Novice: 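Encoded as structure tokens, here's the structure I'll be asking about.
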Amino acid sequence: MVSAGTVYLVGAGPGDEGLITVKGLKLIESCDVLIFDQLVNDALTGRVKPGCEVVRMGKGPELKDSVSQDEIETLMVERAKSGLQVVRLKGGDPFIFGRGGEEMERLHAEGIPYEVVPGVTAALAAAGYAGIPLTHRDHSSVLTFLTGHEDPTKAFSQVQLEELARMGGTLCIYMGMRTLESLVSRLLAAGLDPDTPAAVIQWATLGRQTVVRSGLSDLVSSVESAGVGSPAIIIIGKVAGSPNSLDWFGRKPLAGQRVAITRSRNQAGELKQRLESVGAEVLELPLIEVRPKMDSTTVTEVFAGLSSYEWIVFTSPNGVNYFFEIFFKAFKDIRSFGGMRVAAIGASTAREVQKQNIEVDLLPEESVSESLAEALIETGSLPSANVLVITGNQNRDVLARTLEQKGEAIVDTLQVYETIPTDLEQLPEAKDFREHGVDFITFTSSSTVHHFYKRKAELIPDGGIMPTTCSMGPITSKTLRSYNLPVDAEAKNQSLDGLLEAIIDVVKADQ
Ligand code: SAH
């Protein structure tokens with residue numbers, strides 16, 4: 001008999017993927033089965049190892065496809081009994097209104113080993129990201145977490161509300177949006193001052209976080225006019241009256257803006273992180289996929305003759321990364337790279353080369369093949385020189401041909417990757433884009449524009465709004481214009497920082 005795997009009841013935190021614990025993330029990355037709830041950030045569930053079984057489940061008044069609690073527990077138990085390591089990932093903390101207690105009891109009863117990894121619960125996160133200190137030496141020294149979800153068989157009794165009103169301090173209400181009106185009137189009836197400060201924080205910690213503040217008696221109308229609903233935390237008490245100026249998250253330049261990234265997922269990370277750091281909510285919509293692709297005979301030949309090349313040319317960051325991946329599979333020692341001089345197109349390509357502790361000898365100011373070819377020819381070193389060009393599957397011949405014809409060089413091309421269109425049918429983010437839209441869409445290369453144009457009708461249905469477009473530079477902008485697509489903003493100096501600045505400028509101009 002196989003010995004049972006362990007079930008880890010892990011808190012995923014409130015939304016911002018950075019708010020999971022280090023321990024929780026390590027378990028997600030190593031588990032065999034991941035069972036998670038609807039409110040858990042997809043970025044976390046995407047961190048599983050290849051082959052991990054990923055099951056989306058969940059219960060709750062706000063979830064449509066509710067699965068019974070018993071089904072969830074049974075699945076956990078079955079998988080663990082077959083010897084698999086199971087992570088049961090729950091929004092916030094597993095033991096705060098998350099039914100983690102029941103799941104633990106079931107595991108215990110079935111004799112399955114389990115561990116609990118706490119998480120940042122929504123109330124702590126909402127308060128932190130709205131600049132509301134839940135306790136304060138001057139205002140509150142008692143803190144209560146309660147649920148506003150009215151279980152018809154076990155309604156929160158008026159007596160309890162009266163006690164809470166009398167006790168004062170801070171109230172944090174989970175699942176209270178549907179019953180907000182009755183909650184507020186019951187609290188007022190229980191004796192709470194109508195001017196008691198209150199705040200509602202929806203989608204806390206995410207780019208779409210919205211905060212509504214008002215006195216208790218006006219809370220319902222304020223929430224209605226702001227159009228705020230679930231999921232939200234309601235905070236009632238003097239601390240909720242902290243000045244708006246302390247709302248550090250809402251003050252970020254792209255707060256409330258939803259931005260789509262269309263580049264391949266393996267390249268999206270840095271841009272995503274930068275956009276989020278200035279408050280944007282990012283939707284990854286990878287219209288293209290980049291994957292290693294090479295001909296092994298050519299690789300063997302090129303590597304055998306590596307010392308004969310005078311120049312190696314890298315045309316993209318992907319080229320650098322895939323080249324060194326195969327290089328270090330073939331050679332143990334960087335000295336096998338030899339004395340080739342290195343040329344690169346684009347600052348980000350150069351940066352990837354430098355990460356290998358190799359200096360770039362030639363980096364033309366303009367990030368296009370023509371400029372690189374010219375700059376190489378100008379060095380006067382080309383006639384009869386052997387040049388190795390590292391490429392993907394696109395535009396692979398232009399550079400080689402110019403170097404051969406104008407520069408009289410002997411050029412070998414080594415393809416190490418290919419760019420292919422993503423299957424949008426299989427992409428949950430494409431559905432999200434279609435249904436909810438975005439404020440901005442970023443294009444970092446012409447290939448993302450080609451694929452966007454081809455699939456535009458699927459992504460933006462008739463009558464849908466074209467988001468504000470932001471392009472990485474003149475070439476991408478030219479491609480956009482060639483399809484009659486707008487170029488609303490263009491990055492200065494073709495860098496991610498430039499892209500960010502361009503988006504921020506548009507937002508500022510609208511304010
Ligand atoms: N175990 C979770 C709570 C689950 S109950 C935790 O510890 O946070 C679901 C409720 O949590 C929602 O109705 C809402 O009140 C709150 N919630 C969860 N995520 C939230 C978020 N990002 N912003 C605001 N409230 C959130």
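These figures come from a predicted structure and were not determined experimentally. Computed over heavy atoms, backbone and side chain alike; hydrogens, waters and symmetry mates excluded. Ligands are counted one by one from 1 in listed order, and the atoms in each one are counted from 1 as well.
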Novice: Return yes or no for this condition: an N or O of Ala232 is under 3.5 Å from an N or O of ligand 1.
Specialist: yes
Novice: So, Ser477 and Ser471: side-chain donor and acceptor under 3.5 Å apart, yes or no?
Specialist: yes
Novice: Could you list the residues that satisfy side chain to side chain contact (heavy atoms under 4.5 Å, CB included) with Glu270, not counting sequence neighbours?
Specialist: Arg274, Leu496
Novice: Is it true that Ile233 lies under 4.0 Å from ligand 1, counting heavy atoms only?
Specialist: yes
Novice: Looking at ligand 1, does any of its N/O atoms fall within less than 3.5 Å of an N/O of Asp93?
Specialist: yes
Novice: Can you list the ligand 1 atoms lying under 4.0 Å from a non-hydrogen atom of Thr121?
Specialist: 6 (C), 7 (O), 8 (O)
Novice: The test is side-chain contact (heavy atoms from CB on, under 4.5 Å); show your working for Glu73 and Gln69 and say whether it passes.
Specialist: CA-CA 6 Å; Glu73 290 172 14; Gln69 182 65 22; 2.9 Å; yes
Novice: Out of Ala12, Pro231, Ser230, whose heavy atom sits nearest atom 12 (C) of ligand 1?
Specialist: Pro231
Novice: Which atoms of ligand 1 sit under 4.0 Å from any heavy atom of Ile96?
Specialist: 1 (N), 2 (C), 3 (C), 6 (C), 7 (O)
Novice: Scan for ring-ring contact (aromatic ring centres under 6.0 Å, His included) pairs involving residues 75-113, sequence neighbours excluded, and state none if there are none.
Specialist: Phe97-Tyr174
Novice: Could you give the distance from OG1 (Thr21) to NZ (Lys26), rounded to the nearest 0.5 Å?
Specialist: 10.0 Å
Novice: What part of Ile201, side chain from CB on, backbone N/CA/C/O, both or neither, has a heavy atom under 4.0 Å from ligand 1?
Specialist: backbone
Novice: Closest by any non-hydrogen atom to atom 23 (N) of ligand 1: pick that one out of Gly11, Ala204, Ala126, Pro118.
Specialist: Ala204
Novice: Does the N or O separation between Val120 and ligand 1 drop below 3.5 Å for any pair?
Specialist: no
Novice: So, 4.0 Å and heavy atoms of Gly15: is ligand 1 close enough to count as a contact?
Specialist: no
Novice: Decide whether an N or O pair under 3.5 Å exists between Met175 and ligand 1.
Specialist: yes
Novice: Among Pro14, Ala122, Gly229, which residue places a heavy atom closest to atom 26 (C) of ligand 1?
Specialist: Ala122
Novice: Regarding Ser140 and Thr170, do their side chains bring together a donor and an acceptor under 3.5 Å, going by distance alone?
Specialist: yes
Novice: Checking side-chain polar atoms at under 3.5 Å, does Asn266 have a donor or acceptor matched by the opposite partner on Ser264?
Specialist: yes
Novice: Okay, side chain of Gln202, backbone of Ser230: is any donor-acceptor separation there less than 3.5 Å?
Specialist: yes
